[in-house]
Chemist: 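Please find one structure pasted underneath; my questions will follow.
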Amino acid sequence: MPRFSGKVALVTGSSNGIGRATAILLAREGAKVTITGRNAQRLEETKQEILRSGVPEDHVLSIIADLATESGQIELMNSTVDIFGRLDILVNNAGAAITDLEGHIGVGTNVSVFDKTMRINLRSVVTLTQKAKEHLIKTKGEIVNVSSIAGGQHAQPELIYYAMSKSALDQYTRSAAIDLIQHGVRVNSVSPGDIRTGIYETMGMNKESVENIYKFMESRKECCPIGTIAQPVDVANIIVFLADRKLSSYIIGQSIVADGGSSLVMEVQAHDWMELLKH
Ligand code: NDP
């Protein structure tokens, strides 16, 4: 029997990237899955990819919704529970690195970017978790949040509010985990480094520029020690691990970093230390 047989999962931001890969894995492993996003065409692509792997059509519920709105969230939660009857796994994955259209960065970044970023990356997690709580308590379920290494200790003035939203999300994961474990609900998160998804294109970059960024990072050990930018499924595998109580039951309120070593290199360690010693 597949390991998520009988379980119901809701994966936000599953019309693309990490969320899509996660929904596919969960569905292939037996879960009934609600997939969602604003882009109808990309959401349909996710659905078709799930169905191509032999998953029955009644195991996939596809809902077009803006997660930054209360009505979108209510529709998502109510439809999932009405149609599938329960909720076992909530993956709070939807997010965006929103840029300032006037090109400001750092402290001068327009505050409207702050509002939009916090609304999708942080507030939507808080409010959807509130809506999911009663259902997850009934099933002793799991929440997996998708954070970022951008929320770590290093500065990120180019995407100052994005980084702030992920730092706050990490604290939310820890505190929510302790609050909810008393009811048997586990909360954890994953903090990816750079992953090949639609995130840069959503920021307005064209495919060629995105490829140039990836190539640059892959060629620099101070950017990406492993030398390759990961695929969405590399993060999805970790999300699914954290959603599987048999495998990860004792992990509570943690964030697993998956970044090919990026966040571990700094200062001289990013260069050839032995080479420097020769001079
Ligand atoms: P993608 O752009 O490929 O996917 C983002 C997903 O979020 C899409 O499905 C998009 O759906 C959804 N989304 C964004 N805003 C909304 C909204 N208002 N309402 C509903 N859905 C929304 O990016 P990723 O897969 O990379 O991003 C997934 C998560 O991973 C994010 O939280 C991101 O911060 C995080 N992350 C990504 C990294 C990377 O390098 N790719 C690194 C670290 C963290 P739609 O457009 O259809 O609305």
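Sequential numbering from 1 along the given sequence is applied to the chain's residues.
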Chemist: With the 4.5 Å side-chain cut-off for hydrophobic clustering, are Ile199 and Val257 part of the same group?
Modeler: no

Chemist: Take Leu128 and Met77, measure what side chain to side chain contact (heavy atoms under 4.5 Å, CB included) needs, and give me the verdict at the end.
Modeler: CA-CA 8 Å; Leu128 196 66; Met77 193 56 63; 3.8 Å; yes

Chemist: Could you go step by step and tell me if Leu10 and Val91 meet the side chain to side chain contact (heavy atoms under 4.5 Å, CB included) rule?
Modeler: CA-CA 6 Å; Leu10 163 51; Val91 181; over 6 Å; no

Chemist: If you group Ile, Leu, Val, Met, Phe, Trp and Tyr by side-chain heavy-atom gaps below 4.5 Å, do Val210 and Met203 land in one group?
Modeler: yes

Chemist: Side chains of Asn92 and Thr12: is there a donor and an acceptor less than 3.5 Å apart?
Modeler: no

Chemist: Which pair of heavy atoms, one from Tyr162 and one from Ala97, lies closest together, and at what distance?
Modeler: CD1-CA, 3.7 Å

Chemist: For a 4.5 angstrom cut-off between non-hydrogen side-chain atoms, does Ile105 reach Asp100?
Modeler: no

Chemist: Closer than 3.5 angstrom, by distance alone: can the side chain of Ser263 be matched with the main-chain N or O of Asp259 as a donor-acceptor pair?
Modeler: no

Chemist: Any donor-acceptor pair under 3.5 Å linking the side chain of Asn188 with the backbone of Gly253?
Modeler: yes

Chemist: Give a yes or no answer on whether the side chain of Asp88 reaches the backbone of Val8 with a donor-acceptor pair at less than 3.5 Å.
Modeler: yes

Chemist: Just wondering, more than 12 heavy atoms not from Arg3 lying within 6.0 Å of its CZ?
Modeler: yes

Chemist: Work out which heavy atom in Ser262 is nearest to a heavy atom in Pro225; give both atom names and the distance.
Modeler: N-CD, 3.5 Å

Chemist: Taking the side chain from Glu142 and the backbone from Val187, do they hold a donor-acceptor pair closer than 3.5 Å?
Modeler: no

Chemist: Could you walk me through whether Glu45 and Arg52 pass salt bridge (charged side-chain N to carboxylate O under 4.0 Å, His left out), step by step?
Modeler: CA-CA 10 Å; Glu45 282 165 24; Arg52 271 198 298 279; over 6 Å; no

Chemist: Do Gln254 and Ser189 have a side chain donor and acceptor closer than 3.5 Å?
Modeler: no

Chemist: So with a 6.0 Å cut-off around CD of Glu57, is the heavy-atom count from everything else above 12?
Modeler: no

Chemist: State whether Arg28 and Glu49 are salt-bridged, where the test is any N-O pair (Lys NZ or Arg NE/NH1/NH2 against Asp/Glu carboxylate O) under 4.0 Å.
Modeler: no

Chemist: Would you say CD of Gln48 has more than 12 non-hydrogen atoms from neighbouring residues, nucleotides or ligands within 6.0 angstrom?
Modeler: yes

Chemist: If I compare all heavy atoms of Ala236 with all of Ile18, which pair ends up nearest, and what's the gap?
Modeler: CB-O, 4.4 Å

Chemist: Ignoring hydrogens and angles, tell me if any N or O in the side chain of Ser148 forms a donor-acceptor pair with the backbone of Gly151 under 3.5 Å.
Modeler: no

Chemist: I want to check something: taking the side chain as every heavy atom from C-beta on, are Ile239 and Val146 in contact at a cut-off of under 4.5 Å?
Modeler: yes

Chemist: Just checking Ile226: does its CD1 atom have more than 12 heavy atoms from other residues, nucleotides or ligands closer to it than 6.0 angstrom?
Modeler: no

Chemist: To the nearest 0.5 Å, what is the distance between NZ on Lys166 and CG on Leu122?
Modeler: 9.0 Å

Chemist: Please check: side-chain N/O of Asp244 versus main-chain N/O of Val240, any donor-acceptor pairing under 3.5 Å?
Modeler: no

Chemist: Hydrogens and angles aside, do Ser175 and Gln171 bring a side-chain donor and acceptor to less than 3.5 Å of each other?
Modeler: yes

Chemist: Would you find a donor on one side and an acceptor on the other, under 3.5 Å apart, between the side chain of Arg186 and the backbone of Ile251?
Modeler: yes

Chemist: When you group the ILVMFWY residues by side-chain heavy-atom contacts below 4.5 Å and let the links chain together, are Tyr172 and Leu67 in the same group?
Modeler: yes

Chemist: Side chain to side chain contact (heavy atoms under 4.5 Å, CB included), that's the test. Do Lys133 and Leu180 meet it? Break it down for me.
Modeler: CA-CA 8 Å; Lys133 180 179 164 183; Leu180 293 181; 4.0 Å; yes

Chemist: Test side chain to side chain contact (heavy atoms under 4.5 Å, CB included) on Val125 and Asn145; report intermediate values, then the result.
Modeler: CA-CA 8 Å; Val125 176; Asn145 296 328; 3.8 Å; yes

Chemist: To the nearest 0.5 Å, what is the distance between CD1 (Ile120) and CZ (Arg123)?
Modeler: 11.5 Å

Chemist: Is Val235 reachable from Leu242 through a run of hydrophobic residues whose side-chain heavy atoms are each under 4.5 Å from the next?
Modeler: yes

Chemist: Would you say Tyr200 and Asp194 are linked by a side-chain donor-acceptor pair, where the criterion is simply a distance under 3.5 Å?
Modeler: yes

Chemist: With a sphere of 6.0 Å drawn around NZ of Lys47, does it hold more than 12 non-hydrogen atoms of other residues, nucleotides or ligands?
Modeler: yes

Chemist: A quick test of your reading: do over 12 heavy atoms of other residues, nucleotides or ligands sit less than 6.0 Å from CD of Glu275?
Modeler: yes

Chemist: Between Arg245 and Lys140 (side chain of the first, backbone of the second, donor and acceptor by atom type, cut-off under 3.5 Å), is there such a pair?
Modeler: yes

Chemist: Please name all residues satisfying side chain to side chain contact (heavy atoms under 4.5 Å, CB included) with Glu75, sequence neighbours left out, ordered by chain then number.
Modeler: Ile63, Ser79

Chemist: For a quick test of reading the model, state the closest non-hydrogen atom pair linking Ser53 to Ile50 and the distance between them.
Modeler: OG-O, 2.7 Å

Chemist: Indicate whether any N or O donor in one side chain lies under 3.5 Å from an N or O acceptor in the other, for Ser165 and Asn121.
Modeler: yes

Chemist: Do Ser209 and Asn206 have a side chain donor and acceptor closer than 3.5 Å?
Modeler: yes

Chemist: Specify the closest pair of heavy atoms between Thr34 and Phe84, including all atoms of both residues, with the distance to one decimal.
Modeler: OG1-CE1, 3.6 Å

Chemist: Mark yes when over 12 heavy atoms from residues, nucleotides or ligands other than Phe241 sit less than 6.0 Å from its CZ; otherwise mark no.
Modeler: yes

Chemist: May I have the step-by-step check of side chain to side chain donor-acceptor pair (under 3.5 Å) for Asn39 and Ser15, ending in yes or no?
Modeler: CA-CA 7 Å; Asn39 186 305; Ser15 55; over 6 Å; no

Chemist: Decide yes or no on side chain to side chain donor-acceptor pair (under 3.5 Å) for Arg20 and Ser14, but give the supporting numbers first.
Modeler: CA-CA 4 Å; Arg20 174 183 284 170; Ser14 35; over 6 Å; no

Chemist: Could you pull out the closest heavy-atom pair between Lys131 and Ile74, with the gap in Å?
Modeler: CE-CG1, 3.8 Å

Chemist: Who passes side-chain hydrogen bond (donor to acceptor under 3.5 Å, both in side chains) against Asp170, sequence neighbours left out?
Modeler: Ser147

Chemist: Does some side-chain heavy atom of Asp234 sit less than 4.5 Å from a side-chain heavy atom of Ile195?
Modeler: no

Chemist: Do Phe4 and Lys32 have side-chain heavy atoms sitting under 4.5 Å apart?
Modeler: no

Chemist: Donor-acceptor pair, Thr109 side chain versus Gly106 backbone, under 3.5 Å?
Modeler: yes

Chemist: We want to know whether Thr139 and Arg86 form a side-chain donor-acceptor pair, criterion being a heavy-atom distance below 3.5 angstrom.
Modeler: no

Chemist: What's the verdict on side chain to side chain donor-acceptor pair (under 3.5 Å) for Glu70 and Thr127, showing C-alpha distance, side-chain angles and the deciding distance?
Modeler: CA-CA 8 Å; Glu70 183 68 7; Thr127 51; 5.1 Å; no

Chemist: Find out if a path of hydrophobic residues (ILVMFWY) with successive side-chain heavy-atom gaps under 4.5 Å connects Val33 to Val190.
Modeler: yes

